[in-house]
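I have placed the structure first, in the form of structure tokens, so that the comments after it can refer back to it.
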Amino acid sequence: MNCYQCGCTLSEHDFCTNCGADVALYKRIIYISNRFYNDGLERAGVRDLTGAITSLRQSLKFDKNNVEARNLLGLVYFETGEVVAALSEWVISKNLRPKKNIADDYINMIQTNQNRLDTINQTIKKYNQALTYCNQDSLDLAVIQLKKVLSLNPKFIRAHQLLALLYINSEEWERAKRELTKCLEIDTNNTATLRYLKEVDEMLLPEEGVKNSSRKQKKSDEIIKYQSGNETIIQPANVKESRGVTSLLNLGIGVAIGVAIAFFLILPARIQTAKAGIDEELRKVSEQSDAKSATIDELQQQLNELQSQNDALQQDVTAYMGTDGDLQSVESLMKAADAYLTDQTNVTVVADYLEEIETEQAGEGAEENSEAFENLYNTLLALIGPQIAESYDEDGHAAFWAGNYADAIPNLEKAYQYDPTNGQALFDLANSYYRMGEEQRAAEIYRQVIELFPNTEKADKSENTLAQINGE
């Protein structure tokens, strides 16, 4: 235990031997936090996850820097299917202790597996959709969505509980009990689950009595009793019904004879008539098909003529503009300079014009520009480059940490393009390609990080990831 004021290791005394601060109350607070942590650990060991969450939250109330309690709370959340809450705790833990923290492994375990991320996103979306269906009173659709959620994440307790409530609402008590039993297998002391299960058990117990009485009634209905003199005659009910069975049998034989007559006398004529109608319809369809084929040929000829005219017009436009696109490039550069001179704080507009120039110069047939053009372009780029790089860096890292790697990649590329000293942007760009499954592209960028930023933590991590890609 370290002193809260100077960071020196504390002794058995109630004061810090280094700075003299009074640490008696501080020691007691840390002791209570650790007691709650140990209690939460014991409860988690016997799958009392609700009690573990309560104890671990109390531990963090006394000491928010208790990294072990925060990591364990994230694991408990993850076990109950609350992946977002678990990630929140692990991210906080990583910020409190950036190095030698197992939370880093938990986060990478989820973020580096694209399939797991997609499954988590689908689970959250489908669960929210089920809640929407419940609010709209579309309970059947809500049940379907919840079954999909549980197929993706079988440990999601809230989905099990909501599905059980829907079964209770439709009086499907056995299904509700199965869902609640699954909840108890995950969390043995969940208060909501126990309350729902008590209601279900109360509804199932009377039903057993009703079933037993109905069976007895059914058996008594199958026996006919009557008195003859001093004797009681017991006769099965099916004897009384034998005459009705004979009548039904005769009726069935009559129906079979009628069907046979219809099959051999009436059906052949109907089949012949239907066949003639089908032949007529086939002839009409064939004529229509021939007419449509002729129309298609005519339209294809018109299309070819229009395409030829379009090619000729395109050649005229190209001849007017010039094959190297200089006219459009100069116009974009003039607009960029005018925008910067008008408002030097609005670098976004200037950056858009400069990117248009880069796109045009990257096209086929582009030639070198004049010296005045290059000087003006480089001057504008040097003036607004750092600000543009900072903007792209913020947008790129925001998308990266949100798991939106498709949006993070273009922003991080621009951030490094405008600021080649930004090694973190280049490293996270490689991570984004890696997590999207484009390992070849990621490997190229990892090699750039190793070459351009040697002897750094980013270079070490790049070497490790590169080894994994190469299967070493």
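Side chains included, hydrogens not; waters and symmetry mates left out as well; all remaining heavy atoms used.
A donor atom on one side chain and an acceptor atom on the other are not found under 3.5 Å apart for Q122 and D118. Judged purely by distance below 3.5 Å, without hydrogens or angles, the side chains of N189 and T50 never pair a donor atom with an acceptor atom. A donor-acceptor contact closer than 3.5 angstrom is absent between the side chains of T123 and N153.
Using a 4.0 Å cut-off between charged side-chain N and carboxylate O, R175 and E179 make no salt bridge. A salt bridge links D201 and K177; the closest N-O separation between the charged side-chain nitrogens and carboxylate oxygens is under 4.0 Å.
Annotation: the span from L146 atom CG to Q161 atom CD amounts to 11.5 Å, rounded to 0.5 Å. If you take CD on Q468 and OG1 on T112, they are separated by 8.5 Å, rounding to the nearest 0.5 Å.
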Go through the steps for Q424 and D428 under the test side chain to side chain donor-acceptor pair (under 3.5 Å), then give the verdict. CA-CA 6 Å; Q424 187 64 41; D428 288 337; 3.1 Å; yes
Could you go step by step and tell me if Q307 and D311 meet the side chain to side chain donor-acceptor pair (under 3.5 Å) rule? CA-CA 6 Å; Q307 185 64 41; D311 293 338; 3.3 Å; yes
For Y167 and W173, run side chain to side chain contact (heavy atoms under 4.5 Å, CB included): C-alpha distance rounded to whole Å, both residues' side-chain angles, the deciding distance at 0.1 Å, then the answer. CA-CA 7 Å; Y167 283 145; W173 310 108; over 6 Å; no
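The aromatic rings of F400 and Y405 sit perpendicular to each other, their planes meeting at more than 60°, with 30° as the lower class boundary. Ring orientation note: the planes of Y446 and Y434 are nearly perpendicular, at an angle over 60° on the 30°/60° scale.
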Output a table of donor-acceptor pairs, distance under 3.5 Å, between side-chain atoms of residues 68-85 and any protein atom two or more places apart or on a different chain; print 'none' if there are none.
| residue | atom | partner | partner atom | Å |
| --- | --- | --- | --- | --- |
| E68 | OE2 | R97 | NH2 | 3.2 |
| R70 | NH1 | E89 | OE1 | 3.0 |
| R70 | NH2 | K64 | O | 2.8 |
| N71 | OD1 | S93 | OG | 2.7 |
| N71 | ND2 | V67 | O | 3.4 |
| N71 | ND2 | N101 | OD1 | 3.2 |
| Y77 | OH | R57 | NE | 3.1 |
| Y77 | OH | R57 | NH2 | 2.6 |
| E79 | OE1 | K155 | NZ | 3.3 |
| E79 | OE2 | R47 | NH2 | 2.7 |
| E79 | OE2 | K155 | NZ | 3.0 |
| T80 | OG1 | V76 | O | 3.4 |
| T80 | OG1 | Y77 | O | 2.8 |
| E82 | OE1 | R158 | NH2 | 2.9 |
| E82 | OE2 | R158 | NE | 2.6 |
| E82 | OE2 | R158 | NH2 | 3.3 |

With a cut-off of 3.5 Å and sequence neighbours excluded, list every side-chain donor-acceptor pair involving residues 436-443.
| residue | atom | partner | partner atom | Å |
| --- | --- | --- | --- | --- |
| R441 | NH1 | E444 | OE1 | 3.1 |

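The salt bridge (charged side-chain N to carboxylate O under 4.0 Å, His left out) check on D39 picks up R43, with sequence neighbours excluded.
When atom types are taken as modelled, the side chain of H160 and the backbone of P154 share a donor-acceptor pair closer than 3.5 angstrom. S59 places no side-chain N or O within donor-acceptor distance of the main-chain N or O of S55, the cut-off being under 3.5 Å.
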